[in-house]
Engineer: 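The following block contains the structure, expressed as structure tokens.
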There are 2 protein chains.
Amino acid sequence: MRKSPPAGDRSSGPVTLGMVAEASGVSPSTVSRILNGTAIVSPEKRAAVDRAIAELGFVPNPIARGLAGGRTMSVGVVTQSIDSPFYGVALRGIEETLEPAGYSALFVSGHWDEAVEKRCIDTLRSRRVDGMIILNGRLGDAALKALAKALPVVVTGRSLKAPGLCALDFNNVEGARLATQHLIDLGHRDIAHLSGDLAHPDARDRLAGYRAALEAAGLPFREALVESGGYFEDGGRDATQRLLDRGARFTALFAANDQMAFGASVALHKQGLRVPQDVSLVGFDDLALAAHMAPPLSTVHQASLELGRTAAQGMLNLLAGDKPALSLPEPRLIVRDSSGPAARRR
Amino acid sequence: MRKSPPAGDRSSGPVTLGMVAEASGVSPSTVSRILNGTAIVSPEKRAAVDRAIAELGFVPNPIARGLAGGRTMSVGVVTQSIDSPFYGVALRGIEETLEPAGYSALFVSGHWDEAVEKRCIDTLRSRRVDGMIILNGRLGDAALKALAKALPVVVTGRSLKAPGLCALDFNNVEGARLATQHLIDLGHRDIAHLSGDLAHPDARDRLAGYRAALEAAGLPFREALVESGGYFEDGGRDATQRLLDRGARFTALFAANDQMAFGASVALHKQGLRVPQDVSLVGFDDLALAAHMAPPLSTVHQASLELGRTAAQGMLNLLAGDKPALSLPEPRLIVRDSSGPAARRR
DNA sequence: TTGTAGGCGTTATCAT
DNA sequence: ATGATAACGCCTACAA
């Protein structure tokens with residue numbers, strides 16, 4: 001039962017840079033330089049320091065590092081809700097790519113509210129994050145540009161050009177067009193649409209894509225076949241119910257996201273309508289669950305994991321001083337079992 | 001176009017405690033005391049300082065605070081995967097209750113791997129979090145107790161008593177018993193079970209509850225009716241498929257979590273088996289999506305949002321020096337449309 | 001009750 | 001190439 005902790009022991013008191021310096025017979029500055037590659041140091045000293053670091057199990061203190069004016073090695077991530085099936089996966093992608101680079105992610109949720117989002121950003125700044133990733137925020141372009149003057153910023157869900165700013169946008173119009181076109185190709189002519197919360201640009205874009213496909217095929221756009229479902233399951237269910245209640249006639253339904261498609265399938269099922277025999281259903285996002293719905297859902301693939309990874313990589317590039325110049329893959333239609341040929345009109 | 005920033009302007013350089021002190025004509029220590037309630041100060045000075053704080057828009061720097069040996073006002077949260085539908089909601093609960101108390105949450109994912117989890121904990125410690133919440137971790141009790149000596153710890157998914165430690169456990173055995181009993185009450189006698197990853201205590205508990213209900217009803221426990229589905233959708237789907245392929249006869253299926261139940265419903269659907277007419281299906285967890293499955297899933301309610309809130313509240317109590325003494329609600333069966341009376345044997 | 005001084009662990013700016 | 005020395009912004013004895 002020895003008293004002195006074994007080398008590398010983590011549970012005993014914190015080992016400081018100063019202790020490493022002392023143990024290896026050099027000054028703290030030299031240790032710091034080796035750690036940060038700030039300057040060239042002689043091989044001997046470097047070896048001595050490396051050994052001391054290993055033996056003492058030294059880990060730099062990010063807090064102190066942050067205070068000293070340097071970086072905190074943390075990046076703030078503003079998401080709208082941490083438990084969203086879509087963004088949750090993106091967060092995983094962010095975490096995955098930030099971690100190996102030594103950065104930690106600080107997640108905060110804006111709850112789709114601009115004021116809350118502003119507070120989140122303030123919190124993040126007070127914590128001195130080195131950069132911020134904002135996932136489909138509600139903030140205006142101007143505020144974003146201003147923010148980007150203070151620290152590197154990556155935003156998704158919009159196109160924007162500014163120094164220190166990297167914007168990642170997804171082609172929602174094209175995705176929606178693809179989905180609608182698919183239904184038209186299957187022979188459907190009465191295609192209803194469950195729109196998302198139209199306060200979101202992407203919801204408006206998806207509606208526009210739906211409309212564009214219709215018009216390109218010479219089909220009329222009918223207001224009566226569009227219901228707002230607010231992007232959530234209940235909204236999708238209720239919107240579908242409203243469509244049904246008012247006697248709208250349609251053989252296909254394009255939901256602006258998978259969550260609403262899930263809700264729609266419940267309403268359809270309750271009404272005794274089978275998917276796809278009676279109504280074809282197409283979603284948007286390709287959540288992990290889409291493939292596990294009964295029947296598996298046809299949808300537009302939007303790579304959320306890749307979205308997160310790309311955003312994080314963009315941040316890493318920005319942090320390193322490089323121009324990011326990244327982009328997202330084009331939308332891709334995934335045909336599963338929820339969409340089939342149009343049968344008789346109902 | 002004035003040069004001096006308006007009061008409360010956030011985008012200009014950081015306002016420090018020292019600046020507040022100067023502006024209000026007192027010493028930095030006094031400002032600090034007011035901020036922390038460390039000592040009594042005269043009403044006049046307090047007023048002057050409060051005004052200066054408001055006018056300058058001062059926000060204490062958590063980094064500096066942390067370095068100075070005080071608290072960082074952040075608590076680390078170790079989850080297994082940030083995009084889990086169950087834990088994601090718990091994270092929201094944590095964030096929700098920590099935020100009003102001025103604490104930020106630092107989320108890290110252990111990926112169900114003890115080694116990774118250890119690294120996460122080290123990261124969190126190096127960032128000097130004031131406490132840690134560990135959601136269903138893989139770490140041993142001993143390690144947890146040791147950790148609790150260094151800082152307040154809240155763990156879920158196990159029972160454990162130790163100073164500085166608050167454990168929140170859920171009665172998985174009882175929940176599974178309830179689910180199985182429900183199927184028995186409906187007249188089912190051939191009830192299959194999709195077990196979770198048996199490396200997890202909760203999966204073992206749910207299996208035990210299933211078995212207990214069977215035995216209490218005088219029904220035999222048959223290995224052939226149990227398949228491991230690993231807690232994910234694909235696992236549930238494949239396990240169900242295996243059951244079907246090997247010709248197992250059952251009129252009801254109890255999945256150890258909702259995700260597997262979703263997968264099971266796909267396999268059943270593909271086989272042309274209807275839920276609940278041909279096979280009754282019951283899940284566990286009551287994910288938000290369970291109510292939006294077609295048909296809506298009967299399941300055991302486990303309040304994930306409340307789990308998160310309770311864990312966070314326990315941490316807040318621990319941080320305040322109080323004994324937490326919190327507990328989780330008892331399991332509750334939610335009967336929806338996926339379970340119905342047993343018909344003819346198949 | 002209030003102010004002064006020292007320190008938290010690191011980096012940056014000078015010297016050397 | 002390396003070492004003192006001074007911040008970084010705050011907290012906490014200790015002193016008054």
Side-chain angles (χ1 to χ4, degrees), chain A residues 12-50 52-53 56-74 102 123 125-130 151 319, chain B residues 12-50 52-53 56-74 102 122-123 125-130 151:
Chain A
S12 57
V15 179
T16 72
L17 181 149
M19 295 168 65
V20 171
E22 194 174 3
S24 46
V26 303
S27 76
S29 331
T30 300
V31 178
S32 173
R33 282 192 266 260
I34 292 178
L35 253 37
N36 302 289
T38 311
I40 301 176
V41 305
S42 72
E44 307 90 60
K45 305 220 174 201
R46 157 166 253 119
V49 170
D50 283 345
I53 287 180
L56 298 173
F58 167 72
V59 179
N61 181 337
I63 303 281
R65 235 203 261 248
L67 218 215
R71 305 132 301 151
T72 53
M73 299 307 280
S74 64
T123 302
R125 294 200 63 178
S126 86
R127 293 203 172 263
R128 302 294 190 275
V129 294
D130 295 337
L151 78 180
L319 252 13
Chain B
S12 57
V15 179
T16 72
L17 182 148
M19 295 167 64
V20 171
E22 193 174 3
S24 47
V26 304
S27 76
S29 353
T30 301
V31 178
S32 172
R33 284 191 265 260
I34 291 179
L35 253 37
N36 302 289
T38 311
I40 301 176
V41 305
S42 71
E44 308 89 59
K45 306 222 173 199
R46 156 166 253 120
V49 169
D50 283 346
I53 288 179
L56 298 173
F58 166 72
V59 179
N61 180 337
I63 304 281
R65 233 201 262 248
L67 219 215
R71 304 134 301 150
T72 54
M73 298 308 279
S74 64
D122 281 347
T123 302
R125 293 200 64 177
S126 85
R127 292 201 172 265
R128 301 295 191 274
V129 294
D130 295 336
L151 78 180

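Hydrogens, waters and symmetry mates are skipped; everything else that's a heavy atom, side chains included, is used. Chain A is the first sequence line, chain B the second, and so forth, proteins listed ahead of strands; every chain is numbered from 1.
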Engineer: Would you mind reading off the distance between A:Phe58 atom CZ and C:dG9 atom P, rounded to a whole angstrom?
Structural biologist: 10 Å
Engineer: Would you please confirm or rule out a distance under 4.0 Å between OP1 or OP2 of C:dC8 and any side-chain N or O of A:Asn61?
Structural biologist: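 Answer no for this pair, as no side-chain N or O of A:Asn61 is under 4.0 Å from OP1 or OP2.
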Engineer: Nearest whole angstrom, please: distance from the C1' of C:dG9 to the CG of A:Leu17.
Structural biologist: 7 Å
Engineer: If I take atom CG in residue A:Asp130 and atom P in nucleotide C:dT11, what distance separates them, rounded to the nearest angstrom?
Structural biologist: 13 Å
Engineer: Enter the distance from B:Arg127:CZ to A:Arg127:CZ here, rounded to the nearest 0.5 Å.
Structural biologist: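 Going from the CZ atom of B:Arg127 to the CZ atom of A:Arg127 covers 11.0 Å.
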Engineer: Once you round it to whole Å, what is the distance between P of C:dG3 and CD1 of B:Ile34?
Structural biologist: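 It is 10 Å, rounded to the nearest whole Å.
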Engineer: Are the side chains of B:Val49 and B:Arg33 in touch, meaning some heavy atoms are under 4.5 Å apart?
Structural biologist: no
Engineer: C:dA12 P sits how many Å from A:Arg65 CZ, rounded?
Structural biologist: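 Value for this atom pair: 10 Å.
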Engineer: Round to the nearest Å and state the distance from B:Ile63 atom CD1 to D:dG9 atom C1'.
Structural biologist: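 Atom-to-atom, B:Ile63 to D:dG9, this comes out as 11 Å.
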Engineer: Please enumerate all protein N or O atoms sitting under 3.5 Å from an N or O of nucleotides 2-6 of chain D, with distances to 0.1 Å.
Structural biologist:
unit_1, atom_1, unit_2, atom_2, d
D:dT2, OP1, A:Ser42, OG, 2.8
D:dT2, OP2, A:Ser42, N, 2.6
D:dG3, OP1, A:Lys45, NZ, 3.3
D:dG3, OP2, A:Ser27, N, 3.1
D:dG3, OP2, A:Ser27, OG, 3.2
D:dG3, OP2, A:Thr30, OG1, 2.6
D:dG3, N7, A:Arg33, NH2, 2.5
D:dG3, O6, A:Arg33, NH1, 3.4
D:dA4, N7, A:Ser29, OG, 3.4
D:dA4, N6, A:Ser29, OG, 2.8

Engineer: Can you tell me how far C1' of D:dC10 sits from CG of A:Leu67, to the nearest Å?
Structural biologist: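 Rounding to the nearest Å, CG of A:Leu67 and C1' of D:dC10 are 8 Å apart.
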Engineer: Take A:Thr123 and A:Ser126, measure what side-chain hydrogen bond (donor to acceptor under 3.5 Å, both in side chains) needs, and give me the verdict at the end.
Structural biologist: CA-CA 5 Å; A:Thr123 302; A:Ser126 86; 5.7 Å; no
Engineer: Atom CZ of B:Arg71 and atom P of D:dT12: how far apart are they, to the nearest Å?
Structural biologist: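 Taking atom P of D:dT12 as the reference, CZ of B:Arg71 is at 7 Å.
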Engineer: When rounded to the nearest 0.5 angstrom, what distance separates CD1 in A:Ile34 from OG in A:Ser42?
Structural biologist: 7.5 Å
Engineer: Give the intermediate values and the outcome of side-chain hydrogen bond (donor to acceptor under 3.5 Å, both in side chains) for residues B:Ser32 and B:Ser29.
Structural biologist: CA-CA 5 Å; B:Ser32 172; B:Ser29 353; over 6 Å; no
Engineer: Please evaluate residues B:Thr16 and B:Asn61 with respect to the criterion side-chain contact (heavy atoms from CB on, under 4.5 Å), reporting the C-alpha separation (whole Å), side-chain torsions for both, the decisive distance (0.1 Å), and the verdict.
Structural biologist: CA-CA 8 Å; B:Thr16 72; B:Asn61 180 337; over 6 Å; no
